[in-house]
There are 2 protein chains.
Amino acid sequence: MANSDKNISSAVIKRLPRYFRYLGALKAKNITRISSKELSEQMMVTASQIRQDLNNFGGFGQQGYGYNVDNLYTEIGKILGLDKRNDMIIVGAGNLGQALANYQSFNEDYGYKVMALFDVNPKLIGISVRGVKVLDTDELENFIKTHGIKIAALTIPKDQAPAIAKKMAEWGIKGFWNFAPIDLHLPDNVTVENVHLAESLMTLTYNVHNREESENE
Amino acid sequence: MANSDKNISSAVIKRLPRYFRYLGALKAKNITRISSKELSEQMMVTASQIRQDLNNFGGFGQQGYGYNVDNLYTEIGKILGLDKRNDMIIVGAGNLGQALANYQSFNEDYGYKVMALFDVNPKLIGISVRGVKVLDTDELENFIKTHGIKIAALTIPKDQAPAIAKKMAEWGIKGFWNFAPIDLHLPDNVTVENVHLAESLMTLTYNVHNREESENE
DNA sequence: TAGATTGTTAATCGATTAACAATC
DNA sequence: TAGATTGTTAATCGATTAACAATC
């Protein structure tokens, strides 16, 4: 827990889930070992980058051999915190909130658990999405505190997002998965991961109209 | 059209929609002028970066004055291609596909138009989402060609995504807004903008468990 | 005109890639 | 042992920031 990692660049952190995904795919194909060179060819990055990235966290490989797929998969999972219990809530049970609640991939494959959805709309309060209840937003404080929830998806309109996020941070939320098209300003010990859909679509639009050499990010 | 912009770094392009959003907010507040310094304080970036970014596309400001909000908003919109007709389709009419079709923000505010959704599920074919029909995937080729569609959201399972994307690119799609958790390998004149939700949640999870100084991207 | 702020060049910083000795 | 491939240092590249002359 007292992880004394000297600050690791966010560029590195953002690449970890992609390594994790590729290793998962290799595992599924029963491939047991891989070298940074082979992996780099599949992922279209440099082998140097893979080795540099991984060595921020320790030496997971073996000279002359490469990396054990199963082991590396597990280790990256641990780094990301997927070995821990990751309970979450979704605030805003509209189309997007419900779509997230239904989204298998992270719900089951990676051990996240959606504990409840929240909304102010009386028509939604009480229904269940994938077996998860939609509760009244009034119950947020109590729920967060009682269950010790740390992670919340925010799928509410942008005018409401900053105020409610501020409150939720006070009640104990440490990480916001923010889908509202606005920047949240919260204390330093709270993280925000923005998913600004409209912005990503605009970036795509630029590239469509100015198509050059493709550059998968 | 023959935009002879020497390759502009993708870091710059990704920041443009955020400038656009802030300028839209200023416009809504009837603010008519802004300096790079004021804007930089609101956006928590350096004024230098704003000026450098904008000057990739031209001198939109005026010494001693700053930038005209309305004008800059319009110009960035043009750079992004929002002044053009941006018809799109959504392939995969499940929860996520439907949520996108319902998503006001980009549908109306920025002039995108969802022309149709597509699915293989007979239960979905024929229904309407926000007035937009769900068609049989068999009709994709004809629809793309007839309507000259260039942009497509992919909200289908990952095993099906690469094959269908390949076909769609042959039929004329130039930009994929890819929500499937897999990398698409397509010709150079086709762009892919990935929205890998599970990966963004993992990045958040890492930060929650290793919370340090917050760093809004 | 004087003050403000741009556009742009130069300096710095950080991230990526290359190279290679260590070692399995 | 010989071959392969890591971990890691050094070199390069690119992006960000600082500084300031140009100019409105």
Side-chain angles (χ1 to χ4, degrees), chain A residues 5-16 18-19 22-23 26 31-73 75-76 79 203 206 212-213 215-217, chain B residues 5-16 18-19 22-23 26 31-73 75-76 79 203 206 212-213 215-217:
Chain A
D5 297 329
K6 45 217 148 134
N7 262 31
I8 291 169
S9 119
S10 81
V12 174
I13 304 303
K14 283 190 193 134
R15 284 192 290 265
L16 291 180
R18 187 156 180 263
Y19 295 139
Y22 272 81
L23 288 161
L26 290 169
I31 292 167
T32 56
R33 74 169 261 221
I34 191 137
S35 69
S36 59
K37 178 143 182 295
E38 288 171 281
L39 187 57
S40 76
E41 280 157 8
Q42 290 186 29
M43 296 185 67
M44 310 220 282
V45 298
T46 62
S48 239
Q49 182 166 76
I50 292 174
R51 295 205 298 277
Q52 285 276 28
D53 283 353
L54 296 178
N55 276 86
N56 281 296
F57 304 97
F60 302 124
Q62 197 172 41
Q63 283 96 329
Y65 174 86
Y67 299 86
N68 177 284
V69 171
D70 242 70
N71 176 251
L72 189 53
Y73 179 85
E75 289 298 331
I76 295 179
I79 294 165
T203 303
Y206 173 88
E212 339 145 40
E213 303 309 273
E215 258 191 324
N216 276 18
E217 157 209 20
Chain B
D5 298 327
K6 44 220 148 126
N7 262 31
I8 291 169
S9 117
S10 82
V12 173
I13 303 304
K14 283 191 192 133
R15 283 192 292 265
L16 291 179
R18 188 157 179 262
Y19 295 138
Y22 272 80
L23 288 163
L26 290 169
I31 292 167
T32 56
R33 73 169 262 222
I34 190 137
S35 69
S36 59
K37 178 144 182 295
E38 289 170 280
L39 186 58
S40 77
E41 281 158 7
Q42 290 186 31
M43 297 185 67
M44 310 219 283
V45 299
T46 62
S48 237
Q49 183 166 75
I50 293 175
R51 296 206 297 278
Q52 284 276 28
D53 283 354
L54 296 178
N55 276 87
N56 282 296
F57 304 98
F60 301 122
Q62 195 171 41
Q63 282 97 331
Y65 173 86
Y67 299 86
N68 176 284
V69 171
D70 242 69
N71 175 251
L72 189 54
Y73 180 85
E75 289 297 331
I76 295 179
I79 294 165
T203 303
Y206 173 88
E212 340 146 38
E213 303 309 271
E215 258 193 322
N216 277 17
E217 160 208 17

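Protein chains get the first letters and strands the later ones, always in sequence-line order, with residue 1 at the start of each.
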From A:I76 atom CD1 to A:R15 atom CZ, the distance as rounded to the nearest 0.5 Å: 12.0 Å
B:Q49 CD to C:dG14 P, straight-line distance once rounded to whole Å: 14 Å
side-chain N/O B:R15 vs D:dT16 OP1/OP2, d < 4.0 Å: yes
Between D:dA22 (P) and B:N55 (CG): distance, integer Å: 16 Å
Sugar-phosphate, base or nothing in reach of A:T46, heavy atoms under 4.0 Å: sugar-phosphate
A:F57 CZ to D:dG7 P, straight-line distance once rounded to whole Å: 14 Å
Under 3.5 Å on both distances, the Watson-Crick or G-U partner of C:dG3: D:dC24
Atom-to-atom span, CG of B:L54 to P of C:dG7 - whole angstrom: 8 Å
d(CD1, A:I8; P, C:dG14) in whole Å: 16 Å
Donor-acceptor contact below 3.5 Å, side chain B:R33 vs main chain B:G66: no
Length of the CD1-C1' vector between B:I34 and C:dT5, whole Å: 13 Å
Side-chain N or O of A:R51 closer than 4.0 Å to phosphate OP1/OP2 of D:dT6: yes
Separation of atom CG in B:L72 from atom P in C:dT6, rounded to whole Å: 11 Å
Check: A:S48 side chain, C:dA18 base, donor-acceptor under 3.5 Å: yes
Sugar-phosphate only, base, or nothing, as touched by A:S35 at under 4.0 Å among non-hydrogen atoms: sugar-phosphate
Along DNA chain C (nearest heavy atom to each residue), the more 5'-positioned of A:Q52 and B:K37: B:K37
A:S36 side-chain N/O to D:dT6 phosphate OP1/OP2 under 4.0 Å: yes
D:dC24 OP1/OP2 closer than 4.0 Å to side-chain N/O of B:Y67: no
Donor-acceptor side-chain pairing of B:Q49 and B:T46 below 3.5 angstrom: no
Identity of whatever pairs with C:dA18 - Watson-Crick or G-U, under 3.5 angstrom: D:dT9
Value rounded to 0.5 Å, distance of CG in B:L72 from OH in B:Y19: 10.0 Å
Between D:dC24 (P) and B:Y65 (OH): distance, integer Å: 15 Å
N/O donor-acceptor pair under 3.5 Å between B:N56 side chain and B:D53 backbone: yes
